[in-house]
Amino acid sequence: MLLSFKTALIPNNKQQTAFKKACGVARHAYNWSNAYVKEVLELRKHDKSIKVPSAIDLHKKLIAEVKSANEWYYEVNKNVPQKALADLRKAWDRCFKKTSKQPRYKKKGQRDSFYLEQGTKAQPKIPNDGKRVRLPSIGWVRLAEPLPITAVHNCVISRQADKWFIAIKYEIEKPPVADNRPIVGVDIGIKELAVTSNGEVFKNPKAYKRMNKRMKRLQRSVSRKVKGSKNRQLAVEKLSKIHAKITNVRKDAIHKLTNYLAKNHSEIKIEDLSVKAFLKNHKLAGAIADCGMYEFKRQLEYKTEKFSSKLTLVDRMFPSSQICSNCGQHRHKMPLKNRVYVCPECGHIEDRDLNASKNLERWFDGMYIPKCSDLVSQ
Ligand SMILES: [Zn+2]
């Protein structure tokens, strides 16, 4: 099977400029060819003998007419505009088959991306050494985490807000999984890392809290020291070391958790919270909060693909912590300080996070959601 993998890049300023240029060329080539295809389709209304240009036709025309007039095309890898034309042509094919609408023009800053390739599938020539990847025409760019294979034939670089990502596809044999794996709801805990509807509790790494405290202390100590002083420099070095350690511990814990979830369950249901909503609602200081919901979700996405399981994102308005998981018919206010859910109607008592995860497990689109009563749980 082909598995997709996406991770952040850490480009320097020069590389960021190169990325932006490549996005600009990809967008220009795409929009130019889209306009040209539309023109041809207009002409075809009166004369059916006119052929819709193929990707190759578009490329020839681009080289003859567009590239020579826009010399900034020569500053980026030749695969960038070529792939943009192929993508545009495929988008029109989908439109002709009526599986999608007409391709729209791309706007600057919206889903900016470009494609690169080198070598062949059998002999991929975009190598990485675990820390950096060598992109054609750009050079070695730092990776946020190692790629799963040592070299790739092609990749897509994309931009989200001010962050850059690399996406690759690679072939793996799907690992065997057990039959009849259960469905699981997962609550990203306030106190714990995560609590599942099967009653499993994943604790925040022990070292985490201790190191976090040390880091806060160091941060204060840095800000107290005189700018430019030797002492301050030493404190900054200490701080960045502990920061890196914390990042590793956090990554490790989340990798273990997402691996376990994807491998041992047929379906995983989690709350689809944005980072902002997440921090506001949960006020938690655990590992997932710090690296963001995005990373947790991203890992679950590719791992569920690998282990043939399914990731379901539960509607973010679903009041998972307010509903009684026992009777399901009642919903109560549940202040953050309440650690235990006590149903005033049926008397059910359960740990707050466990109750929430059970509700997540039962969730489906269109599920009956009781009105919130005035009673407060507990
Ligand atoms: Zn109840």
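For ligands, and for the atoms within them, numbers begin at 1 and follow the listed sequence. Small disclaimer: the values here were computed from a predicted structure and weren't measured.
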Where the Zn ion (ligand 1) is the vertex, angle from C324 SG to C343 SG to 10° | 110°
Does one side chain, of N355 or R352, offer a donor that lies under 3.5 Å from an acceptor on the other?
-> no
The Zn ion (ligand 1) to H330: any N/O/S contact under 2.8 Å?
-> no
Please find out if the Zn ion (ligand 1) and some N, O or S atom of H348 are separated by less than 2.8 Å.
-> no
Less than 4.0 Å between a side-chain N and a carboxylate O, is that true for K256 and D252?
-> yes
Look only at the side chain of R298 and the backbone of K6, and say whether a donor-acceptor pair between them is shorter than 3.5 Å.
-> yes
Check the side chains of K21 and T17 for a donor-acceptor pair under 3.5 angstrom, ignoring hydrogens and angles.
-> no
